[in-house]
Amino acid sequence: MNFTHKLIIQPETNVKLKGWDPDDTLGYEDDKDTQDKQDKILKRLDGLQYLFYAVKKRALLIVLQGMDTGGKDGTIRHVMSGMSPQGCTVTAFKVPSPEEQAHDFLWRIHKAVPEKGMLGIFNRSHYEDVLVVRVHELVHKKVWKARYEEINRFEKYLVENDVCVVKFFLHISKKEQKRRLEERITDPQKYWKISAADFKERKLWDEYVLAYEDALSRCSTKSAPWFIIPSNHKWFRNFAISKILVETLESYDMQLPKASVDLSKLKLQ
């Protein structure tokens, strides 16, 4: 099964999240067979990253977005675990600093775009400026509405400069979010994850759904697509994202570069 074709949002699609089942597993079961497949996928991903780093013809930008507790940190920990840290960067975008607020909203984003040969992972991203900013009315409506097209132009520019942009929306249900928040309260190993902001943001669930639907509808383009990843089941979230990353990297048909010197003339003393 080609996960890219199955989970991609085609351009000009009017996204309604109620039409995407966060419990969907595309017919896969959480069993040994799927785990064996996942192990092979992660091994393949590691090999492709090695090739990607050696070839250095393009960069890969992975954008992770989703509701609180959606699994952004878990995705980074489990999907990227098999990759070499030498070829990856992870950037978590928090509330903008005073310096960042003094610039345009894409300034801090552009600085974090990976160089050729690197995989860059954004834990939250420039989309916060049409999500949090919109829901909390931090700027005028005409300002955040203009940002959809600004984001599309920015991502198009990146693609034209050999940066592949792959965006994952980690789709969980409101019921599953409640379960995960309650787990943080009762599990001592997860106390550190508890944030008062998570509980406040939950009250704005419906507003965030509308904001995400607009962002997904307006900013899934041919050159920088969005993927909706059913994420109620963590194992499937990891499986699906791993598959799409492998499919993306395999599409480049990469070959190791040839040696830059005549190996026959090299002798070790």
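The figures that follow rest on heavy atoms only: side chains count, while hydrogens, waters and symmetry mates do not.
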Residues [X] and [Y] bridged, charged N to O under 4.0 Å:
| X | Y | value |
| --- | --- | --- |
| D198 | R202 | no |
| D162 | K57 | no |
| D73 | K193 | no |
| K141 | D214 | no |
| R44 | E250 | yes |
| E183 | R180 | no |

Considering non-hydrogen atoms only, spot the tightest contact between [X] and [Y] and give its length.
| X | Y | value |
| --- | --- | --- |
| S231 | G70 | CB-O, 4.0 Å |
| P225 | I8 | CB-CD1, 3.6 Å |
| V95 | E100 | O-OE1, 4.4 Å |
| L51 | Q255 | CD2-C, 3.9 Å |
| L17 | H171 | O-NE2, 3.5 Å |
| F122 | I109 | CE2-CG2, 3.6 Å |

In terms of hydrophobic clustering (I, L, V, M, F, W, Y; side-chain heavy atoms under 4.5 Å; direct or indirect links), are [X] and [Y] co-clustered?
| X | Y | result |
| --- | --- | --- |
| F52 | L256 | yes |
| L131 | I62 | no |
| L245 | L26 | yes |
| F227 | W20 | no |
| F154 | Y148 | yes |

- Task: Show your working on side-chain hydrogen bond (donor to acceptor under 3.5 Å, both in side chains) between H136 and E201 and close with a plain yes or no.
- Result: CA-CA 10 Å; H136 288 279; E201 295 292 271; 2.7 Å; yes

Worksheet item: Counting N and O atoms only, with roles assigned by atom type, does the side chain of T186 sit under 3.5 Å from a partner on the main chain of E182, one being a donor and the other an acceptor?
Response: yes

- request: Decide yes or no on side chain to side chain contact (heavy atoms under 4.5 Å, CB included) for K72 and L170, but give the supporting numbers first.
  value: CA-CA 8 Å; K72 296 177 287 295; L170 309 184; 3.9 Å; yes

To the nearest 0.5 Å, how far apart are [atom1] in [X] and [atom2] in [Y]?
| X | Y | atom1 | atom2 | answer |
| --- | --- | --- | --- | --- |
| E176 | K234 | CD | NZ | 7.5 Å |
| L106 | R153 | CG | CZ | 9.5 Å |
| N232 | T25 | CG | OG1 | 11.0 Å |
| D129 | E150 | CG | CD | 10.0 Å |
| T69 | I172 | OG1 | CD1 | 3.5 Å |
| M80 | Q49 | CE | CD | 10.0 Å |

When K167, K222, R218 are each screened for salt bridge (charged side-chain N to carboxylate O under 4.0 Å, His left out) with E155, the one that passes is K167

Tested for salt bridge (charged side-chain N to carboxylate O under 4.0 Å, His left out) against D68, the lone hit among K200, R124, K178 is R124

Using side-chain heavy atoms (C-beta onward) and a distance below 4.5 Å, is [X] in contact with [Y]?
| X | Y | value |
| --- | --- | --- |
| M83 | L119 | yes |
| V209 | M67 | yes |
| R184 | W192 | no |
| N238 | V79 | yes |
| V163 | V113 | yes |
| R134 | L210 | yes |

From the list I9, I229, V15, I228, side chain to side chain contact (heavy atoms under 4.5 Å, CB included) partner of F169 resolves to I228

Kindly confirm or rule out a cation-pi arrangement of [X] over [Y], judged by NZ or CZ under 6.0 Å from the six-membered ring centre and within 45° of its axis?
| X | Y | answer |
| --- | --- | --- |
| R108 | F93 | no |
| R147 | F105 | yes |
| K203 | F199 | no |
| K111 | W107 | yes |

Could you check D31 against Q35 for side-chain hydrogen bond (donor to acceptor under 3.5 Å, both in side chains), going step by step and ending with a plain yes or no? CA-CA 6 Å; D31 55 19; Q35 185 56 57; over 6 Å; no

Which class fits the ring pair F3 and Y28: parallel under 30°, tilted 30 to 60°, perpendicular over 60°?
-> tilted

Give the ring-plane orientation class for Y212 versus Y208, where under 30° counts as parallel, over 60° as perpendicular and anything between as tilted.
tilted

Start with the C-alpha gap between L61 and V63, add the side-chain angles, then the distance that decides, and say whether side chain to side chain contact (heavy atoms under 4.5 Å, CB included) holds. CA-CA 6 Å; L61 174 59; V63 174; 4.2 Å; yes

Next on the checklist: Distance alone, cut at 3.5 Å: any donor-acceptor contact between the side chains of S242 and Q38?
Outcome noted: yes

Item checked: K32 atom NZ, over 12 foreign heavy atoms within 6.0 Å -> no

Margin query: Does K174 have more than 12 heavy atoms from other residues, nucleotides or ligands lying within 6.0 Å of its NZ?
Written below: yes

Taking it one step at a time, do F236 and D30 satisfy side chain to side chain contact (heavy atoms under 4.5 Å, CB included)? CA-CA 8 Å; F236 181 76; D30 184 13; over 6 Å; no

Run the numbers on E128 and V133 for side chain to side chain contact (heavy atoms under 4.5 Å, CB included), then give the verdict. CA-CA 7 Å; E128 294 297 291; V133 167; over 6 Å; no

### Message
Pair S220, Q10 - check side-chain hydrogen bond (donor to acceptor under 3.5 Å, both in side chains), show working.
### Response
CA-CA 7 Å; S220 191; Q10 296 297 337; over 6 Å; no

*Taking the six-membered ring for Trp, is the centroid-to-centroid distance between W226 and Y127 below 6.0 Å?*
yes

